There are 2 protein chains.
Amino acid sequence: MRKTDLSGASCPIARSLSDIGDWWSLLIVRDALSGMTRFSEFQRSLGCARNILSARLAKLVERDVLTVAPASDGSAYTEYRLTEKGKTLRVPLVALRQWGEDHLFDAAEERLSLVDKRDGLPVARLELRAHDGRTLSPDDVETRNRSDART
Amino acid sequence: MRKTDLSGASCPIARSLSDIGDWWSLLIVRDALSGMTRFSEFQRSLGCARNILSARLAKLVERDVLTVAPASDGSAYTEYRLTEKGKTLRVPLVALRQWGEDHLFDAAEERLSLVDKRDGLPVARLELRAHDGRTLSPDDVETRNRSDART
DNA sequence: CGCCATTGGTTTCATTATTAAACCATGCGG
DNA sequence: CCGCATGGTTTAATAATGAAACCAATGGCG
C-alpha cells in the first residue's frame with residue numbers, strides 16, 4: 001500500500017507531508033513543543049497503540065525532527081527532544097490550531113489555545129505578507145517554479 | 001482500525017487533523033487553491049487511486065471544505081470549489097510549504113514556491129506575533145485552556 | 001539483596017484502509 | 001449512432017493500524 005512516496009516531489013508541501021504528514025506525527029510534535037519528552041508521556045497523551053508510537057518516534061528521529069538524548073534527570077531512560085528542525089514546526093502547528101479554532105469550535109466551547117505568557121492573551125492571527133511587509137490577500141499570490149536565491 | 005476519532009478533542013490541532021489531516025486531503029486543497037476544480041484534474045495532479053480521491057472529495061464536501069457546484073463552463077459536469085472555510089486553509093498550507101522549503105530542499109534544488117504576483121518575490125516568512133504585533137519567540141508562548149472571548 | 005511495579009519497548013494477529021484494475025453510466029463530438 | 005472522455009463505483013490484493021500479549025531493564029521499597 002502506500003507505495004506513493006512524496007519525498008522527492010517538487011512541491012514543498014508534499015515533501016513536508018512525507019515527513020510529518022500523518023495523524024500521529026504532528027500530535028507528537030505538538031506534545032513535544034509543550035515539553036513532553038518521554039515515551040510514556042506521549043503514550044498517555046495520545047492514547048495510541050504503543051507499537052505505532054514507537055514507529056512514529058523512530059521515523060521522526062530518522063527524519064531529524066526529534067533526537068534521542070541518553071538521559072537528563074539522572075534516570076537511565078531515553079528522552080525524545082525536538083531538534084531545531086522540529087522546533088520550527090511550531091508555525092505550521094499554530095496555523096492549524098488557528099484554523100481549527102475558527103472553524104471547528106462553537107463560540108462558547110472550551111479549547112486549548114496558544115497565549116502570550118506575558119499577558120495571557122491569545123497570539124495574533126498568522127498573516128500572509130509580502131517580503132516588504134504588506135498584507136497579501138489570496139489573490140495576490142501564485143505558486144511558481146523557483147530554483148532558489150531566497151531572500 | 002482508526003477507531004480513534006479526534007473530532008471531539010479539546011485541542012484544535014487534533015480537530016483540524018480529523019478534518020483535513022490525511023495525506024491526500026491537504027494536497028487536494030493545495031490544488032484547489034491553485035485553481036483546480038475537476039475530478040480529473042485532481043486525479044492527474046495527485047496520481048492517486050480514483051476511488052480514494054472520490055472518498056476524499058466526498059469527505060471534504062461533507063466537512064464543508066469544498067462544495068459541489070452543478071457546473072460553470074456549460075458542461076453538465078460537477079465542479080469542486082473551495083468554501084470560505086476551505087480557502088482559509090491557505091495559511092496552514094503556506095506554513096507547511098515554508099517549513100518544507102527550509103528543511104527538505106537543497107539550496108539549489110528546483111521547487112514550487114509561493115510568490116507575490118506583483119513583483120514575483122517570495123512571500124515573507126510567517127511569524128508568530130503577540131496581539132499587539134510584537135514578534136514572539138517560542139519561549140514566549142504556552143497553551144492554555146480558554147473558553148473563548150477571542151480578541 | 002530480593003521482589004514487584006513501572007518504563008520502554010517488540011511481536012503477533014485481527015481489523016481496517018489503500019491501491020490497482022476492471023467495470024459502468026452518462027455526456028458529447030462527429 | 002458510434003466511440004471516446006468524464007466521473008465515478010465495485011472488487012480483490014496488499015499494506016498499515018490497533019489491541020493485547022510478551023519481554024527486558026530500571027526503580028522503589030522493605
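What you see is a predicted model; the values in this text were computed from it and never measured.
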Does [N] have OP1 or OP2 sitting under 4.0 Å from an N or O in the side chain of [X]?
X	N	value
S40(B)	dG8(D)	no
S54(A)	dG9(C)	no
W23(A)	dA17(C)	no
T78(B)	dT6(D)	no

Whole angstrom is fine here: how far is it from [atom1] in [X] over to [atom2] in [N]?
X	N	atom1	atom2	answer
D22(A)	dT17(D)	CG	P	7 Å
Q43(B)	dT9(D)	CD	P	14 Å
L46(B)	dA20(C)	CG	P	12 Å
E41(A)	dT6(C)	CD	C1'	14 Å
R38(B)	dG27(C)	CZ	P	13 Å
N51(B)	dT6(D)	CG	P	18 Å
L57(A)	dT7(C)	CG	C1'	14 Å
I52(A)	dT10(C)	CD1	P	13 Å

So does [X] pair up with [Y], basic N to acidic O under 4.0 Å?
X	Y	answer
K87(B)	E84(B)	yes
D132(A)	R118(B)	no
D64(B)	K85(B)	no
R134(B)	D140(B)	no

By nearest atom, which of the nucleotides [options] is closest to the [X] side chain?
X	options	value
T4(A)	dT19(C), dG8(C), dA19(D)	dT19(C)
R50(A)	dT10(C), dA20(C), dG8(D)	dT10(C)
W24(B)	dG9(C), dG18(D), dT19(C)	dT19(C)

**Message:** Counting the atoms with a prime plus P, OP1 and OP2 as sugar-phosphate, which does Y80(A) contact under 4.0 Å by heavy atoms, base, sugar-phosphate, or nothing?
**Reply:** sugar-phosphate

**Message:** Any base atoms under 4.0 Å from R44(A), or only sugar-phosphate, or nothing? Heavy atoms, all strands.
**Reply:**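 No contact.
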
**Message:** W99(B) and side-chain contact (heavy atoms from CB on, under 4.5 Å): which single residue from V91(A), I13(A), D19(A) fits?
**Reply:**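 Result for side-chain contact (heavy atoms from CB on, under 4.5 Å) with W99(B): D19(A).
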
